[in-house]
4 protein chains.
Amino acid sequence: MPGNTFGSLFRLTTFGESHGVAIGGVIDGCPAGLEIDLEAIQLALDRRKPGQSALTTQRKESDTVQFLSGIFEGRSTGAPIGFMIHNTDQQSKDYSHLAEAYRPSHADYTYDRKYGHRDYRGGGRSSARETACRVVAGAIAAQLLAKMGVSIAAWVHQVHEIGIPENTEGVDLSQRFESPVRCPHPETAQKMIAAIEEARDAGDSLGGVIATRITGVPPGWGEPVFDKLHADLGKAMLSINAVKGFEIGSGFAGTRMRGSEHNDVFESSESGIRTRTNHSGGVQGGISNGEDIAFKVAFKPTATVLKPQESVNKQGENITLEGKGRHDPCVLPRAVPIVEAMAALVLADHYLRSKTSKL
Amino acid sequence: MPGNTFGSLFRLTTFGESHGVAIGGVIDGCPAGLEIDLEAIQLALDRRKPGQSALTTQRKESDTVQFLSGIFEGRSTGAPIGFMIHNTDQQSKDYSHLAEAYRPSHADYTYDRKYGHRDYRGGGRSSARETACRVVAGAIAAQLLAKMGVSIAAWVHQVHEIGIPENTEGVDLSQRFESPVRCPHPETAQKMIAAIEEARDAGDSLGGVIATRITGVPPGWGEPVFDKLHADLGKAMLSINAVKGFEIGSGFAGTRMRGSEHNDVFESSESGIRTRTNHSGGVQGGISNGEDIAFKVAFKPTATVLKPQESVNKQGENITLEGKGRHDPCVLPRAVPIVEAMAALVLADHYLRSKTSKL
Amino acid sequence: MPGNTFGSLFRLTTFGESHGVAIGGVIDGCPAGLEIDLEAIQLALDRRKPGQSALTTQRKESDTVQFLSGIFEGRSTGAPIGFMIHNTDQQSKDYSHLAEAYRPSHADYTYDRKYGHRDYRGGGRSSARETACRVVAGAIAAQLLAKMGVSIAAWVHQVHEIGIPENTEGVDLSQRFESPVRCPHPETAQKMIAAIEEARDAGDSLGGVIATRITGVPPGWGEPVFDKLHADLGKAMLSINAVKGFEIGSGFAGTRMRGSEHNDVFESSESGIRTRTNHSGGVQGGISNGEDIAFKVAFKPTATVLKPQESVNKQGENITLEGKGRHDPCVLPRAVPIVEAMAALVLADHYLRSKTSKL
Amino acid sequence: MPGNTFGSLFRLTTFGESHGVAIGGVIDGCPAGLEIDLEAIQLALDRRKPGQSALTTQRKESDTVQFLSGIFEGRSTGAPIGFMIHNTDQQSKDYSHLAEAYRPSHADYTYDRKYGHRDYRGGGRSSARETACRVVAGAIAAQLLAKMGVSIAAWVHQVHEIGIPENTEGVDLSQRFESPVRCPHPETAQKMIAAIEEARDAGDSLGGVIATRITGVPPGWGEPVFDKLHADLGKAMLSINAVKGFEIGSGFAGTRMRGSEHNDVFESSESGIRTRTNHSGGVQGGISNGEDIAFKVAFKPTATVLKPQESVNKQGENITLEGKGRHDPCVLPRAVPIVEAMAALVLADHYLRSKTSKL
């Protein structure tokens, strides 16, 4: 079963390699009648685009999305929404040195073993460029969700050793895109920027954690057994390049609590039944309970570094890879819109699925 | 899209509630000709069974699996394997107090909001009893994988604040089921047992972490984009009751490393191309690279405690829930075979999927 | 991808062989809150059961369905509905002569080539006994559809050379189960019965055509491209044992009409926009248009005959198969509830799918 | 569940409307390493293209396919193959008269009821232009199948009342594209052409039957229950615009045979076990038996005629539609490559599926 489709009722299929003609995708299942805000989609894409600041790779991609179908007179028609982003930065340079070499912690070796035949130019299909398509689809999903009162905010919570302090009050998530590092806590953002600049100058890279908060999801979204809402969110996040971990609500820290502390006591409120705490992260038994959905995603430091690295080639011979060219010292700022997009795809899917759960 | 099916080519569909007639499932896609070791399946079930030691719930379930189809003369036929486990412990006691009350951090409230109509007896479909079906199917998947040289071992790595020390040498994973707490490090196991007994006596519960190591997976399993091998493993684990987090390889700790440290350098060896370190956890670009697959799963402390708890009922009125009856102070020992089963389901699926990746 | 699941949102997975322990299935996706009429389900099963009249096989199957989950206090809960029918007629007789012989136009040979290892007792998985599970699920689907005002009637339209005359007025479809041959036109029914009795006595078998009429489907069910409503109906029918053809509306006869005759002219009526004729059979562009859905299904004469037949065995040696035992001279009367069931599964699925087509 | 994806392991997702920017699709699951013959793909497209002869619509579509991904150095990489066909014939003329009118036996009314909002230009998504994408994908599937020795030939068997005589000897299927009507029997072809020209001049349209023969499929393809090989073929054909019927092997005519005549007797031959007759049409129990796969597809006369027709508009008012512009008096010649393409998609899918049926 091929793995380039995500979702069941709201469904994205993507295609494209880093240095082919174009990347693109098909969004199938978007209900008819949704007004599509094209500028908001391009804005999300721009937030993922390389070269936005000195913190990210200087590779230039115009990343302009072109819609090919499924939208008529500004609204979705229920037909599949095809879209495409041309690869304009296909330098004619020679990539043949990558045809044989296996870059450490990249997908060169595993693709070769799986497929035998590989488009090695710029990482081909394994390039994170593929995630631009997720951002396009996620932006449409977010517009559908907005109709339901749902909004999604992700931000950079930690870079390397630097994290937003616990119990920080007054962080304004709506300002998260004001900082080039996508951290809504200005003091922490400054420290993160300094750390990334230091790593960049050293030709090295840093990882970190992106946090997400989703508000407005009503109780009842998610399936109770295999397709638990947080299981689908986890898969969505783990499918993003460089992600190595996912936790919802109390997560790994919650393993050190006792049940009597961890349980989220129900209480009545004006807005109905609510929980006093939210260690569950908004999901109980796989189904949303009406509280904010909160999760964290761990990103490893990007594999591309500008230092020489030992490796082997296709023939198993020892080689030394010289770091050169453009590199992204910290992928997290650009990953924020990707995390938001994947969350939106999961929620739009479960919104549609929730329509059939009862008579 | 209903959520009671897991997998694409090796596929499990389950049914059943805690206090209905039976639980069971259908395994579809098991290749024909596999010798089925029924005793090994029952052994896996027995390891999940309640009442095995003083550490787990004293609820007695005979948990004897009956196969209904798909196996003939000891081997799979390629037809779907139907199976059933009767619910023998259906006490005729009155569960009606649960019809209205919402137990904190259980699924009572969310099921009611999603479905309107709910089998409340013993948690119904949300009961962890459902996972017995996963163990049955996972045991068959494991037998298929064994043919390919793949073996899976999970163990309790941490309970509450007590974890196996870093860099512990000489832990023999094959002994993990010798300890009632399923921890292969005897000193740590003793401390874990003491902690669980303390919590049990206090009517409280503890969470923790299960670690897993999978050996023998050849390079090339996993799909490169949405169905990355670790994304499917993550979803599988997050679909288990009480799981709140998943990490592969370096996971959350890896976010504090630099790229130059984290990258797994390739080197040639007698067994082909290998990596010197394994921060990737055996998966690169979503595809297995031939190294051990290593991941961790975070379990929250179980929601059932024997202390009185505030809550609300269906009408939104304040109530106090009296803890009573049987309770599982720490679910981790019993969850080890469930984690192994879900890992086996994911790998058997990707093994079959890998058969079609190239000419 | 294993092939024992049917449907996307209203989904049936079946298991079981003719002479194993049991056959059964899992219905996933039935919305919560549906009152389940168990007697109506058993009635549908009884109509499919062998041994109802002298026209069908005298094999006795009690065919009593037992529900295992998903129904609580008489209503669906949204959880999967597991069910089982025990195989009570497993005679201890020796089937080993079938282990090697390939019966003409049965699935013995193709199963052996596909799987290598086969449960040959009574046809195993290829036995039409499997369709009993479809009838169970279809009966529940029909109850869901009844809530929407949809009703389905199939009947035997032709047996061998004997068909209901064109333009027959006054046929009362509600009486179709009154005749043992399930033909609502009494004169034709008599002739069909005589023909079947003649074939039975000759040890031979007859095929025929089942017609179906579905009323009450509102406009808008069906997907416009690959999952056209009639494409899914066609697949459903062609998946029934012995079916060789399907046509909707004007079907093959319509190929001899001109466009100006065939087009169904729209006109306004009290009940909204309707078509003057219904050559489309209730579906236009793959989507229901509110008219009756009408289709026909061709059944070949059953492969089991009581005459000696030439054949070969597994080793390719010439053999003669002696017809013996029980045989079904005409499968059509028993196939009527199967056709109705499969139609109900398709429509229930598209009913649920239609809920997400627009904002 | 959106309906713009076809297949499970070899999978096509399409998008695009008649008068949007482009139509296109994504082929997912094509194994890596397949040499792609681009000219053969374009040739198939050209055979579907309008304006090839005086028999078909004079609308001009350049129908040049552009591949965007998944092919590198002439071979498939295992990554999804994205492709696009620009809509070059988007006349700037006013289509607004179609915004309100419901053309008889078109999908205007049903789309409006399903979606509420519709791209009415040239039929939008319901236009048969969508099938060009099927031809592209089918041509690649055919190249994969050719590696397995499988070849597919469809031809026009009947137009209106004119059919190829029974028991015609010496028809050379390889010549089927030599005739503009795609009928390999020259005498019949001449009569068909005359009939189509007569209908064209009368502003009317004709239907007919396309026959298909597939050679080289080994025994063992197809799934035994719901996804029977001929059930998937039937769905594939019924999903093509204007198709109203499907039959395999003896089909509807076989309902008039007796079992003893209809059964395909097995016999040993140099090429293994074969059947003496082929009433089964190459499929038994849903699985290929190694004989030629033979089926027929019924096409209604196209709905577009150039005669005035009564109808209603969106408001339910009576209107008269004046036939004007371009029209396709008989869709069958152009449908031949579409039938071949859909057959190829089904077989490529089942070829891949067959790889996992046994150990």
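Naming: A, B, ... by sequence-line order, numbering from 1 per chain. Computed from a predicted model, the values in this text were never measured in an experiment.
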**Report entry** A:Gln309 and B:Asn263 side chains, donor-acceptor separation under 3.5 Å
**Finding:** yes
**Report entry** Interface moiety of B:Ile248 toward chain A, non-hydrogen atoms closer than 4.5 Å
**Finding:** both
Report summary line: With chain A, the option among B:Ala202, B:Pro219, B:Ala253 that has the most non-hydrogen atom pairs under 4.5 Å is B:Pro219
Report task. Please look at B:Ser288 and chain A and tell me whether the side chain, the backbone, both or neither of the residue comes under 4.5 angstrom of a heavy atom of that chain. Result -> backbone
Query raised in the report: Given the options B:Gly116, B:Gly234, B:Ser8, B:Gly254, which has more heavy-atom pairs under 4.5 Å with chain A than any of the others?
Result: B:Ser8
Requested in this report: Tell me, out of A:Ser280, A:Gly245, A:Gly3, who's got the most heavy-atom pairs with chain B below 4.5 Å.
Outcome: A:Gly3
**Report entry** Heavy-atom check, side chain of B:Ser268 versus side chain of A:Glu317, under 4.5 Å
**Finding:** no
**Report entry** Nearest-0.5 Å distance that lies between atom CZ in A:Phe266 and atom CD1 in B:Ile319
**Finding:** 10.0 Å
Report summary line: Honestly, the part of B:Thr5 sitting under 4.5 Å from a heavy atom of chain A is backbone
Requested in this report: Let me know if A:Lys114 has heavy atoms under 4.5 Å from chain B in its side chain, its backbone, both or neither.
Outcome: both
**Report entry** Test side-chain contact (heavy atoms from CB on, under 4.5 Å) applied to B:Glu310 and A:Arg276, step by step
**Finding:** CA-CA 11 Å; B:Glu310 294 172 75; A:Arg276 195 174 295 162; 3.1 Å; yes
Requested in this report: Give a yes or no on whether the backbone of B:Arg113 and the side-chain of A:Lys358 come within a donor-acceptor separation of less than 3.5 Å.
Outcome: yes
Query raised in the report: Quick one: what part of A:Ile273 sits under 4.5 Å from any heavy atom of chain B, side chain, backbone, both or neither?
Result: both
**Report entry** Portion of A:Asn278 that has a non-hydrogen atom of chain B nearer than 4.5 angstrom
**Finding:** neither
Query raised in the report: For B:Arg256 and A:His160, which heavy atoms make the closest approach, and how far apart are they?
Result: O-NE2, 3.0 Å
Query raised in the report: Do you know which of A:Tyr109, A:Phe6, A:Tyr102 has the most heavy-atom pairs under 4.5 Å to chain B?
Result: A:Tyr109
Requested in this report: Please answer whether the main-chain N or O of A:Gly220 pairs with a side-chain N or O of B:Thr110 as donor and acceptor at a distance below 3.5 Å.
Outcome: no
Report summary line: Cut-off 4.5 Å, heavy atoms of chain B, and the answer for A:Arg103 is backbone
Query raised in the report: Relative to chain B, which segment of A:His279 carries a heavy atom at a distance below 4.5 Å: side chain, backbone, both, or neither?
Result: backbone
Report summary line: Distance col, row B:Glu267:CD vs A:Ser311:OG, nearest 0.5 angstrom, shows 10.0 Å
**Report entry** Side chain / backbone / both / neither for A:His106 at chain B, heavy atoms under 4.5 Å
**Finding:** backbone
**Report entry** Largest heavy-atom contact set with chain A, pairs under 4.5 Å, which of B:Leu9, B:Thr302, B:Asp232
**Finding:** B:Asp232
Report summary line: With chain A, the option among B:Glu161, B:Lys307, B:Lys300, B:His350 that has the most non-hydrogen atom pairs under 4.5 Å is B:Glu161
Query raised in the report: Can you name the closest pair of heavy atoms from B:Tyr111 and A:Gly285 and give their distance?
Result: CE1-O, 4.4 Å
Query raised in the report: Is a donor on one side and an acceptor on the other found under 3.5 Å between the side chain of B:Lys244 and the backbone of A:Ser250?
Result: no
**Report entry** Spatial distance of atom CE (B:Met237) from atom CZ (A:Phe246) [nearest 0.5 Å]
**Finding:** 15.0 Å
**Report entry** Proximal component of B:Ala242, with respect to chain A [non-hydrogen, under 4.5 Å]
**Finding:** neither
Report task. Heavy-atom distances under 4.5 Å only: say whether A:Pro2 touches chain B with side chain, backbone, both or neither. Result -> backbone
Query - Residue selection (most heavy-atom pairs with chain A, distance under 4.5 Å) from B:Ala107, B:Ala231, B:Ala199, B:Gly207 - result: B:Ala231
Report summary line: For A:Arg258 and B:Leu206 the tightest heavy-atom approach is CG-CD2, 4.0 Å
Report summary line: Applying a strict 4.5 Å limit to non-hydrogen atoms, the region of B:Glu130 in contact with chain A is side chain
Query raised in the report: Judged by atom type as modelled, is there a donor-acceptor pair below 3.5 Å linking the side chain of A:His262 to the main-chain atoms of B:Pro301?
Result: no
Report summary line: dist A:Ser239:OG -> B:Glu223:CD (nearest 0.5 Å) comes out at 13.0 Å
Query raised in the report: If you count heavy-atom pairs under 4.5 Å with chain A, which of B:Ala236, B:Ser126, B:Gly123, B:Gly222 comes out on top?
Result: B:Gly222
Query - Closest contact, heavy atoms only, A:Tyr115 versus B:Ser357 - result: CD2-O, 3.7 Å
Query raised in the report: Do we see a donor-acceptor contact under 3.5 Å between the side chains of A:Thr255 and B:Gln158?
Result: yes
Report task. Using a cut-off of under 4.5 Å on heavy-atom pairs, state which of A:Met342, A:Glu261, A:Lys228, A:His117 scores highest against chain B. Result -> A:Lys228
Query raised in the report: Given A:Lys235, which of B:Leu233, B:Leu238, B:Asp227 fulfils the side chain to side chain contact (heavy atoms under 4.5 Å, CB included) condition?
Result: B:Asp227
Query raised in the report: So, A:Asp204 and B:Ser260: side-chain donor and acceptor under 3.5 Å apart, yes or no?
Result: yes
Requested in this report: Check whether any side-chain heavy atom of B:Ser105 sits under 4.5 Å from a side-chain heavy atom of A:Asp264, and report yes or no.
Outcome: yes
Requested in this report: Specify the closest pair of heavy atoms between A:Lys296 and B:Phe252, including all atoms of both residues, with the distance to one decimal.
Outcome: O-CZ, 4.0 Å
**Report entry** B:Leu12/A:Phe226 under side-chain contact (heavy atoms from CB on, under 4.5 Å): CA gap, chis, key distance, verdict
**Finding:** CA-CA 10 Å; B:Leu12 170 66; A:Phe226 296 116; 4.0 Å; yes
Report task. Under 4.5 Å heavy-atom distance to chain B, tell me which part of A:Phe299 shows up: side chain, backbone, both or neither. Result -> backbone
